[in-house]
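Everything on this sheet refers to the single structure shown next.
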Amino acid sequence: MVTKESPRILVFSTEKISDPGIDQAGLRKIHYSPTVYVISVPCSSGIKPRWVLHALQSGFDGVFIAADGHECSYSPRCPELTNDIIAECQRLMKEKEINPKRIRMAAICSVCAEPFANHMNNFTKILTELA
Amino acid sequence: MEESKKKQRIGVYICHCGGNISDHVDVKGLRDVMAGEENVIISKNVMFACADSNQKEMIRDIQDNHLDGIVVASCSPKLHLHTFRGVAERAGLNPYNYVQVNVREQCSWAHSDHPDEASLKAAGLIKAGIRRVASSEALYNIEIKAHRSVVILGAGVAGMRASIDLAKMGNQVILVEKEAVTGGNLSRKGALFPTGQKGTELVETLTRQVKNEPAITLFTNATIEKITGSIGNFQVEVAIHEKAGETLTFATGAILVTTGYEPYQPVEGELGYGKSTRVIPIDAFDQLLESKSGELQFEGKTVRRIAFVYCVGMRQTNGNNKYCSRTCCTAAIHSSLVVHEKFKGVKAFHLYRDIRTYGKNEVLYERSSKAGDIYLLYQEKEPPVIEPRGDQLLIRVKDQLTRKRELELETDLVVLVTGMVSRSDSTTVADRLKIPIGNDRFFNEIHPKLRPVETVINGIFLGGSCQGPKNITESVQSSLAAAAKINAIISKETLFLEPIVARIDPKACTWCGKCKEVCEYEAIFQVETNGKLVASVNEPVCKGCGICGPVCPYDAIDLAQFSNAEIEGMIDGFSDVVTLVQKTGTEEVTATKKTVKMMDFPSEWRSIMQSLQENPMTIPEIATSTGLEPALVTWHLMTMNKYFIVEPAGMDDSEEYYRYQLKIN
């Protein structure tokens, strides 16, 4: 059951591919926790670790990166570069004694409405257990 | 990048979307909360933010109140980002001082099961939008000078024809051909329908025109090695293979790809290919026809009976080539007619799966049938079996039109009617140009119907059969369409590009080179400022991905519109505490529904209603009639259905789509 006390999740999503997938979840009334907030960026490899840290230190319980994976139109190295960013985030999180499980990533495609909702439900569960 | 002054006079517009948002989200409560936010001058509810009447009101608000930033909380930016950028621009506000907040797809619809929580989330989203707009910068399109020159890859019929027109329109053309001679596949064709002119003659005429045109520089035995830059100013490196190791670099405004196709090469054993030298592909057969006169002979023996086998390597249910090559039926029938014209007493059998002599080519099919050609229909799962018997070939085929009886034919020659496949070097070309390839391995356009000659890379165009099977007419049509588009762009002296690019703070930068290393577009280079080596961005080349940002150890790089202040401001906005008086009930929405005027409807609604005046229509039909994207029609139609403006009116004849009709007038 979703409540106002549900874990707060910040999603970084890609404008061209993941955003349409997340929009489609809404269009099809596939529900997920209303404490999920989305910021769109051009590419998941452009997310700065300081933004992730800022979110985790200002009331967010988890950060989810909705990436393009190999579909990224900017760089064939995108999956590898996004992984590096997550590794760096986790290193910084450890320093601040934040559980590294609080950051997750998955490829969300432009029609991945159900997978997105499932990821949110799953992450909500994980974060509830961590609390 | 300089710390820009925070915006002081912000306008906030919260859309009902006719109930799509206001049924689940407390838009009135939100309006009151946002009115109390710092630097917010105006906070309003609107029935439809995208309606013309509201757009006009927003322009008045911006001008009368000297607003320096606006936030529109309505649908996904995919729908109306450009609508409201236009509103800002018309009101004299920089379009990048406007922020779109998605409270429909990502809030009211996604959380219609929890309206109270949805309202709280919407509050966070809008507060984030206000903080983002407060930190937003005015951005200006990047102006670039366009080179009036074009690099064309491939000097086949499409490339040569386009280069002649582009030259006549006043452009310099660099025509790059991989082979030693021009003409490509056309130079291997004999007499062509309907003029009877030979392929070789056409190639000669075009080559002469190309060579006589001073604005065209032709390089044969040459390939493109590397491409950098962007529309208006590409740098194309061309390797000249005749002079080993020599490469030339050309600055060019646009690139046209006319690399053409390769004929399908039958595999060993496919329909008797390789088992007998008397099984030949149609290209070889056409050349045989060209070289003989009087009597048709092959390997010293007179040819009296020929079998053409169609769809070789094409329309494969299980193979990679799912598509129909569309030109080969006509080519085979045409060759058969050439046989009858040139040589007496030759009998032709056509073993086909379907005959697709579309358009004027149908005349050929009729002529061939009248000439006594015999057509036998075979199925893909039971292809003809072809084996050598003495110096002849024995064909066994199940004819679907004579009660699937197996027939035996003896012929002197079997002609495999092969179609077109993508060139084996197409992946190399695609990698160098960064243009996408489809499942059929031909190059992909942006939109098959509405933008058929453009690629996703601005400034790179497609012409001819590198895009998919085309006949000569169609190849030339597409390459000339591309030529006209290219000229329309590069003949303007200046081009404007979106200003979403990376910016480097020279004070923080120490030139470690990490940003340059990750940039796929070579947009980052080294410069010296105040005696210090720092990174700099070549703005027209930057694609605005922001990948260089996180790798910088000194956080010296920001992407325009995605600065730390903007993103962290949004995060703070999400987390800000909000108190909304929770209330349920939709009586207010019901009240407004009755008084809503036609003028308040979004323009899309009006055009959908217009198209439904006469007859009920399906979504694809409405999309065609209104010119809107089908997804957009679906979106709006579902809302219109919900609010009793339209209603379903049964399925269409193919039982694939629902029809919709007007419920109100």
Side-chain angles (χ1 to χ4, degrees), chain A residues 1-4 6 8 10-16 19-20 22-52 54-60 72-78 81-82 84-85 88-89 113 116-117 120, chain B residues 75-79 102 104-122 124-125 128 132 431 434 436 456 500 502 518-521 543-552 555 557-559 561-562 564 567-568 570-577 631 634-635 638:
Chain A
M1 178 61 202
V2 174
T3 64
K4 266 176 259 179
S6 283
R8 293 168 62 80
L10 179 65
V11 177
F12 284 104
S13 128
T14 60
E15 280 174 340
K16 287 192 190 126
D19 262 10
I22 299 172
D23 278 356
Q24 207 184 75
L27 179 70
R28 291 170 52 196
K29 308 273 163 79
I30 301 171
H31 302 303
Y32 50 91
S33 163
T35 47
V36 169
Y37 297 78
V38 178
I39 293 181
S40 309
V41 289
C43 174
S44 59
S45 298
I47 300 165
K48 290 187 184 176
R50 64 174 273 179
W51 302 342
V52 173
H54 185 82
L56 292 171
Q57 291 177 322
S58 59
F60 278 95
C72 176
S73 61
Y74 292 113
S75 171
R77 284 189 286 165
C78 182
L81 292 167
T82 305
D84 291 349
I85 288 166
E88 175 63 10
C89 287
F116 173 74
M120 288 305 106
Chain B
C75 49
S76 166
K78 307 283 169 297
L79 278 95
N102 182 351
R104 194 177 72 174
E105 282 80 354
Q106 295 188 5
C107 191
S108 72
W109 281 349
H111 312 302
S112 54
D113 57 336
H114 288 87
D116 290 348
E117 285 80 2
S119 297
L120 286 173
K121 172 171 173 176
L125 295 175
R132 184 178 204 177
D431 280 351
K434 299 188 173 75
V456 289
I500 314 296
V518 292
C519 179
E520 289 291 329
Y521 305 95
K543 296 276 184 284
C545 58
I547 291 179
C548 51
V551 299
C552 177
D555 199 9
I557 309 180
D558 252 355
L559 182 65
Q561 290 235 296
F562 298 89
N564 292 331
I567 300 292
E568 288 169 6
M570 285 177 81
I571 294 169
D572 295 340
F574 293 150
S575 307
D576 208 8
V577 180
T634 313
W635 242 312
M638 289 307 108

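Convention: sequence-line order gives letters A, B, ...; per-chain numbering from 1. Heavy-atom basis, side chains included; hydrogens, waters and symmetry copies ignored. Note that the coordinates shown come from a computational prediction; the quantities given were computed from them, not determined experimentally.
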Taking the side chain as C-beta and beyond, is there a heavy-atom pair between [X] and [Y] under 4.5 Å?
X	Y	answer
A/Ser75	B/Val518	no
A/Lys48	B/Asp558	yes
A/Tyr37	B/Ile571	no
A/Ser45	B/Cys545	no
B/Phe562	A/Ile39	no
B/Glu520	A/Tyr74	no

So, taking the atom named CZ in B/Arg104 and the one named CG in A/Asp23, what distance separates them when rounded to the nearest 0.5 Å?
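One finds 9.0 Å between CZ of B/Arg104 and CG of A/Asp23.
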
Consider only side-chain N and O atoms of B/Asp572 and A/His54, and report whether a donor and an acceptor are under 3.5 Å apart.
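On atom types as modelled, these side chains qualify, holding a pair under 3.5 Å.
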
Can you tell which part of [X] gets under 4.5 Å to a heavy atom of chain B, answering side chain, backbone, both or neither?
X	result
A/Leu81	side chain
A/Phe116	neither
A/Thr14	neither
A/Gln24	neither

Pick whichever of [options] has the most heavy-atom pairs under 4.5 Å with chain B.
options	answer
A/Ser58, A/Cys72, A/Ser44, A/Gly59	A/Ser58
A/Pro20, A/Cys78, A/Pro76, A/Ala117	A/Pro76
A/Glu88, A/Arg50, A/Arg77	A/Arg50

Is the backbone N or O of A/Val36 less than 3.5 Å from a side-chain atom of B/Lys121, with the two atoms forming a donor-acceptor pair by type?
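At least one qualifying donor-acceptor pair exists.
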
Can you tell me if B/His111 uses its side chain to pair, donor with acceptor, with the backbone of A/His31 under 3.5 Å?
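A pair under 3.5 Å: no.
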
Is chain A contacted by the side chain of B/Lys78, its backbone, both, or neither, given a heavy-atom distance below 4.5 Å?
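Side chain of B/Lys78 only, per the 4.5 Å heavy-atom cut-off to chain A.
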
Largest heavy-atom contact set with chain A, pairs under 4.5 Å, which of B/Ala631, B/Gly549, B/Ser575, B/Gly546:
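Among the listed options, the one with the most contacts to chain A is B/Ser575.
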
Return the minimal non-hydrogen interatomic distance between B/Pro550 and A/Gly46, and the atom names on each side.
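For B/Pro550 versus A/Gly46, the nearest heavy atoms are CG-C, 3.5 Å.
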
